[in-house]
Participant: 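Starting off with a structure, shown below.
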Amino acid sequence: MTTTPLVVLENVNKHFGDLHVLRDIDLSVTAGEVVVVIGPSGSGKSTLCRTINRLETIDTGRILLDGQPLPAEGRGLAKLRSDVGMVFQSFNLFAHKTVLQNVTLGPMKVLGQPKAKATERGMELLDRVRIGNQAHKYPAQLSGGQQQRVAIARALAMNPKVLLFDEPTSALDPEMVQEVLDVMTDLAKEGMTMVVVTHEMGFARRAANRVVFMADGQIVEENTPDEFFTKPQSERARDFLSKIL
Ligand code: ADP
Ligand code: MG
């Protein structure tokens, strides 16, 4: 564990037009920590994730990665995007590239890795997400759960400092949810720093060090999963939990 938090948001505010989507957000994520973000639809969870790798800009406040403000453009921004990996609900794989090519493209193009090295590491990562035997298939030949595991391997290939997951299992058929959560749980155990937006409360209980509950663009409550699920402090959290548990 380092003493400097890996990701820090200080008094972050963000509007979309008149809509105040992030309100005075203060959040700090330590290296090795798994933070699960939950909350009703429209509460700003995706926007929060997207600000951390600058897919969205912020209006006021500061975001620091490893103690440094996020770069706005150029090489710094490319480096940020490899330091802060993102796994989306919709996989976003390149359809006309094989599974292995999906995983090696970023390391070769952005990190300048030679093909042999990127391939060796890519195969290692595909094995780690239990999909090495599918390396030469195309995304469309895979199930949703397999595609999402490829997306996780692809993010890992960039050697990120932190991985953001935005509802990674929401688009999956129910029988495929667990295989993706299992991979994420392995990563958490291995010490990967993760911010995970999810409605999978079982995962939150098992893997999270901390649960952050958002509503209307604010962090309403932050606690250990044990405390949060057994003794939610706010009416909003109690109401939310009563609807999903
Ligand atoms: P969540 O992920 O918690 O469902 P979002 O961060 O996606 O919430 O959205 C928060 C609010 O911001 C919602 O009201 C949503 O409609 C709005 N919003 C999100 N993205 C945009 C955008 N690009 N332009 C305008 N409004 C947006
Ligand atoms: Mg969302």
Side-chain angles (χ1 to χ4, degrees), residues 7-29 34-63 65 70 72-73 77 80-81 84-93 144-145 147-148 151-152 155 160 162-174 176-177 180-181 184 194-204 207-208 210-223 225 228-229 232-245:
V7 181
V8 177
L9 287 85
E10 285 174 0
N11 203 23
V12 167
N13 282 276
K14 163 87 183 167
H15 295 75
F16 286 118
D18 290 338
L19 191 64
H20 197 171
V21 283
L22 296 179
R23 298 170 183 251
D24 300 329
I25 298 283
D26 285 306
L27 179 69
S28 160
V29 183
V34 177
V35 174
V36 166
V37 180
I38 66 174
S41 177
S43 55
K45 306 180 298 297
S46 294
T47 306
L48 176 73
C49 280
R50 293 166 60 83
T51 61
I52 299 175
N53 66 357
R54 236 174 176 285
L55 286 173
E56 297 287 356
T57 56
I58 59 175
D59 301 334
T60 61
R62 291 209 301 170
I63 303 181
L65 178 69
L70 299 191
E73 56 191 11
L77 187 56
L80 172 72
R81 295 271 161 78
V84 181
M86 183 125 178
V87 175
F88 301 89
Q89 182 175 331
S90 52
F91 327 141
N92 296 4
L93 297 176
Q147 290 186 54
Q148 192 58 302
I152 294 172
V162 52
L163 265 188
L164 311 175
F165 294 83
D166 191 3
E167 301 202 25
T169 60
S170 295
L172 298 177
D173 291 333
M176 291 165 191
V177 168
V180 172
L181 294 178
M184 292 167 61
M194 296 161 57
V195 176
V196 183
V197 178
T198 185
H199 299 295
E200 294 294 332
M201 297 301 127
F203 173 81
R210 189 149 47 107
V211 172
V212 168
F213 174 71
M214 283 185 79
D216 292 332
Q218 280 177 306
I219 295 181
V220 176
E221 208 168 318
E222 268 187 79
N223 220 327
F228 179 75
F229 289 114
Q233 301 295 304
S234 61
E235 189 54 45
R236 310 214 50 169
R238 280 194 289 277
D239 181 55
F240 177 76
L241 288 173
S242 74
K243 285 177 181 141
I244 60 158
L245 290 180

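Both counts, for ligands and for their atoms, begin at 1 and track the order of listing. All heavy atoms count here, side chains included; hydrogens, waters and symmetry mates do not. In this chain, residues are counted from 1 in sequence order.
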Participant: Looking only at protein heavy atoms, which one is nearest to atom 7 (O) of ligand 1, and what is the separation?
Facilitator: Ser46 CB, 3.6 Å
Participant: Between Val12 and Leu27, is the side-chain contact (heavy atoms from CB on, under 4.5 Å) condition met? List the steps.
Facilitator: CA-CA 9 Å; Val12 167; Leu27 179 69; over 6 Å; no
Participant: Which label fits Phe213 and Phe240: parallel for a plane angle under 30°, tilted from 30 to 60°, or perpendicular past 60°?
Facilitator: tilted
Participant: Might you check, step by step, whether the distance between atom 1 (P) of ligand 1 and some protein heavy atom is under 4.0 Å?
Facilitator: yes
Participant: If the cut-off is 4.0 Å to any non-hydrogen atom of Ser43, which atoms of ligand 1 fall inside it?
Facilitator: 1 (P), 3 (O), 8 (O)
Participant: Would one find an N or O of Leu48, backbone or side chain, under 3.5 Å from an N or O of ligand 1?
Facilitator: no
Participant: Using heavy-atom distances only, which candidate in Thr51, Leu19, Leu55, Asp216 approaches atom 14 (O) of ligand 1 most closely?
Facilitator: Leu19
Participant: Looking only at protein heavy atoms, which one is nearest to atom 8 (O) of ligand 1, and what is the separation?
Facilitator: Gly44 N, 3.2 Å
Participant: Verify whether one side chain among Asp24 and Asn13 offers a donor that lies under 3.5 Å from an acceptor in the other.
Facilitator: yes
Participant: Within less than 2.8 Å of the Mg ion (ligand 2), any N, O or S from Ser41?
Facilitator: no
Participant: Measuring from Ile63:CD1 to Glu10:CD, what's the distance to the nearest 0.5 Å?
Facilitator: 10.0 Å
Participant: Considering only heavy atoms of Pro40, which atoms of ligand 1 have at least one such atom less than 4.0 Å away?
Facilitator: 3 (O)
Participant: State, with a plain yes or no, whether a side-chain heavy atom of Leu22 is found less than 4.5 Å away from one of Glu56.
Facilitator: no
Participant: List the steps, then state whether side-chain contact (heavy atoms from CB on, under 4.5 Å) holds for Met86 with Asn92.
Facilitator: CA-CA 10 Å; Met86 183 125 178; Asn92 296 4; over 6 Å; no
Participant: How close do Leu172 and Gly145 get, heavy atom to heavy atom, and via which atoms?
Facilitator: CD2-N, 3.6 Å
Participant: Nearest 0.5 angstrom please: Ile25 CD1 to Ile58 CD1, how far?
Facilitator: 11.0 Å
Participant: Run down the list Asp18, Val37, Leu22, Thr47 and name the one with the heavy atom closest to atom 9 (O) of ligand 1.
Facilitator: Thr47
Participant: Does some non-hydrogen atom of Gly42 fall short of 4.0 Å from ligand 1?
Facilitator: yes
Participant: Where is the tightest heavy-atom contact between Asp166 and Ser46, given as atom of each residue plus distance?
Facilitator: OD2-OG, 2.6 Å
Participant: Considering heavy atoms of the protein only, find what lies nearest to atom 3 (O) of ligand 1 and give residue, atom and distance to 0.1 Å.
Facilitator: Lys45 NZ, 2.7 Å
Participant: Is there a polar contact between ligand 1 and Val21, counting only N or O atoms under 3.5 Å apart?
Facilitator: no
Participant: Name the closest protein heavy atom to atom 24 (N) of ligand 1, giving the residue it belongs to and the distance to 0.1 Å.
Facilitator: Phe16 CD2, 3.5 Å
